[in-house]
Protein chains: 2
Amino acid sequence: MTSDDIPRPGPQRAMRADVRRNRARLLAAAREMFERDGAGASLEAVARLAGVGIGTLYRHFPTRQDLLEALLADVYDGLAATGRELLVSPAPGEALTTWLRAFIVRITAFPGMAAAAAVSLRPEQPGRPEPSGARRAVRDAGEALFRRAQDAGDVPADAEFADALRLAGAIAMVTERDPEAADRLLALAAAGLAPGKGAHGG
Amino acid sequence: MTSDDIPRPGPQRAMRADVRRNRARLLAAAREMFERDGAGASLEAVARLAGVGIGTLYRHFPTRQDLLEALLADVYDGLAATGRELLVSPAPGEALTTWLRAFIVRITAFPGMAAAAAVSLRPEQPGRPEPSGARRAVRDAGEALFRRAQDAGDVPADAEFADALRLAGAIAMVTERDPEAADRLLALAAAGLAPGKGAHGG
DNA sequence: ACCTGAACACCGTTCAAGT
DNA sequence: ACCTGAACACCGTTCAAGT
C-alpha cells in the first residue's frame, strides 16, 4: 500500500512508460469524447479513441467517476494556482467571488463535469478514501481566500467555506454551459437573495 | 390536436377508465420505485410493479422525463397552494424563504427528482412545449411571493424570480436528501455570500 | 505485469400481433 | 383504441487467454 505506484525500478522502465502513455491517451480521449457527448459518453468509444482495449480503461479507471476525477485533478491544480495568485489582490471579497466564478467556469468544461465535481468535493465520508492532492489543493486555496474575505468583513463571520464551495458547485450544475446565467446566480447569491434579516448571529 | 384527450364521449367510457387506472398505477409504481432506487430506476420494473406491459408505460410517458414531470406536477400544485397561503403572512422576505425551503424539500422526494425539476423549470425554450398548468401555477405562486418581498425591500430590486428559483433548484440538486445542508446553503444565499459590495444598481 | 476483446448481463425502446 | 411482450440494439463490465 505504501509504494504501490513505484513497482521495482530497473528493467521494467519501458513497461512503465507504456502504462503511462496509455493513461495519458485515455485521459486525452476521455476529454475529447466527454466534450463531444457529455460525461455519459460511451467508455468503449473512449477506449477505441485512445487506441487501447476496454479492459485497459477499466484497469486504469475502475469507475467512470475515477476517470472524471482524473480530469478534474488538472482543473483543481489550475484553480489552486489561481487562488494563490488572487491571495495578494487588494479586495478580499472580490478576490473570492472572482475565484468562485473561475471555479464554476472551469468545472463546466463539458456537461456532467460539474456533477462529478460536486461528488468529488462532498464533505469527507467514512467510505470514501482520503482526498487526492489536487482536491486538497483546491480546497486549501479556496479556503485561504475565504478566510481572508471573512477577516476583512466581506463574508459573514458564521459562514463556512465548504458551504460556499458547494453553493458554487450547485450553480455550476444547474447553469452548466451558460456562463451568463452562472454569473447572474453567483451575483444573486453573493449579494444575498433576502439580506438584512439579521440571520447571522456571529 | 385540439380535443386529443376527450376522444368522443359515449360507449368508450369504460375504456377511458382503464386508461386512467393504468396511468394512476404507473405513477404510483414509479413513485415507489424512484423512492427506492432513484430517478434512474428500471422502467421495466416500474411497469411490472404497475401490472402493465412496458409498452403501456411508453404509450403514457414517451420519455423518463415525462414520467418524472407527471410526478412533479402534484408537487408543483401543492407548492402553488402553499405559496398562496404564505402570501398573507406579515413578513414578505421570510415568507419567500419559507416557500423556497418548502420547494427544496418537496422536489427532493427521491434522488434525481431535483435534476428533473431543474430541467422542467428551465427558462422557456423554442423546442419545448408550453409549460404545463402545474408548472405555470408554481411559477406564478412563487413569483407573487417574490414580488411582494421585493416591494417590501427584502429582496434586491434588480433580482429576478427565475434566478431565485433556479438557485433554490441548484441547492436542492447538490444537497439532495440532506435537509440540514440545504438549510445552510439557502441561509447563506439568502444572507449573501459576499454582501455589501454595492453590486445592485437598481 | 499488462493488455486484449469476446462473452455475458442488463436495460431501454420499438412494433407486430392480439384483444 | 389500447395493450402486450418478444425482439432488437446498445452499452457496461468481467475475465480467460495472450504477450
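Side chains included, hydrogens not; waters and symmetry mates left out as well; all remaining heavy atoms used. So you know, we letter chains A, B, ... as the sequences are listed, proteins then strands, and number each from 1.
- For A/Ala162, the side chain to side chain contact (heavy atoms under 4.5 Å, CB included) criterion is met by no residue, not counting sequence neighbours.
- Within the structure, every pair that satisfies the salt bridge (Lys or Arg N to Asp or Glu O under 4.0 Å) test and touches residues 183-193 of chain A, not counting sequence neighbours, is listed here: A/Arg101-A/Asp183, A/Arg184-B/Asp163.
- Judged as a side chain to side chain contact (heavy atoms under 4.5 Å, CB included), and not counting sequence neighbours, the contacts of B/Ala109 are B/Met113.
- Within the 3.5 Å criterion, the main-chain N or O of A/Phe146 finds no donor-acceptor partner in the side chain of A/Trp99.
- Residue order along DNA chain C, read from the 5' end via each residue's closest nucleotide, puts A/Arg59 first among A/Arg59 and B/Thr63.
- Among residues at least two apart or in separate chains, side-chain hydrogen bond (donor to acceptor under 3.5 Å, both in side chains) pairs with a member in residues 33-43 of chain A are A/Glu32-A/Arg36.
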Give the table of side-chain donor-acceptor pairs shorter than 3.5 Å for residues 22-31 of chain A, with sequence neighbours excluded, one pair per line with atom names and distance.
| unit_1 | atom_1 | unit_2 | atom_2 | d |
| --- | --- | --- | --- | --- |
| A/Arg31 | NH2 | A/Asp74 | OD2 | 3.4 |

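- Nearest nucleotide to the B/Asn22 side chain, out of D/dG12, D/dC3, C/dT4: D/dC3.
- A heavy atom closer than 4.0 Å to some atom of DNA chain C occurs in B/Ala41, B/Ser42, B/Leu43, B/Glu44, these being the qualifying members of residues 27-52 of chain B.
- Between the CZ atom of A/Phe61 and the C1' atom of D/dG12 there is a distance of 17 Å, rounded to whole Å.
- Checked against salt bridge (charged side-chain N to carboxylate O under 4.0 Å, His left out), A/Arg148 has no partners two or more places apart in sequence or in another chain.
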- Paired and unpaired positions of DNA chain D as dot-bracket, Watson-Crick or G-U wobble under 3.5 Å, | denoting a partner strand: ||.|||||...|||||.||
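- Here B/Pro111 pairs with B/Glu176, B/Arg177 under the side chain to side chain contact (heavy atoms under 4.5 Å, CB included) rule; sequence neighbours left out.
- Rounding to whole angstrom units, NE2 of residue A/His60 and C1' of C/dC3 are separated by 9 Å.
- Under the side-chain hydrogen bond (donor to acceptor under 3.5 Å, both in side chains) criterion, no residue pair touches residues 49-62 of chain B, with sequence neighbours excluded.
- Judged purely by distance below 3.5 Å, without hydrogens or angles, the side chains of B/Thr63 and B/Asp66 pair a donor atom with an acceptor atom.
- Residues meeting the ring pair (Phe, Tyr, Trp, His ring centres under 6.0 Å) test with A/Tyr76, sequence neighbours left out: none.
- Rounding to whole angstrom units, CZ of residue B/Arg21 and C1' of D/dC3 are separated by 12 Å.
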Could you write out each protein N or O paired with an N or O of nucleotides 14-19 of chain C at a distance under 3.5 Å?
none

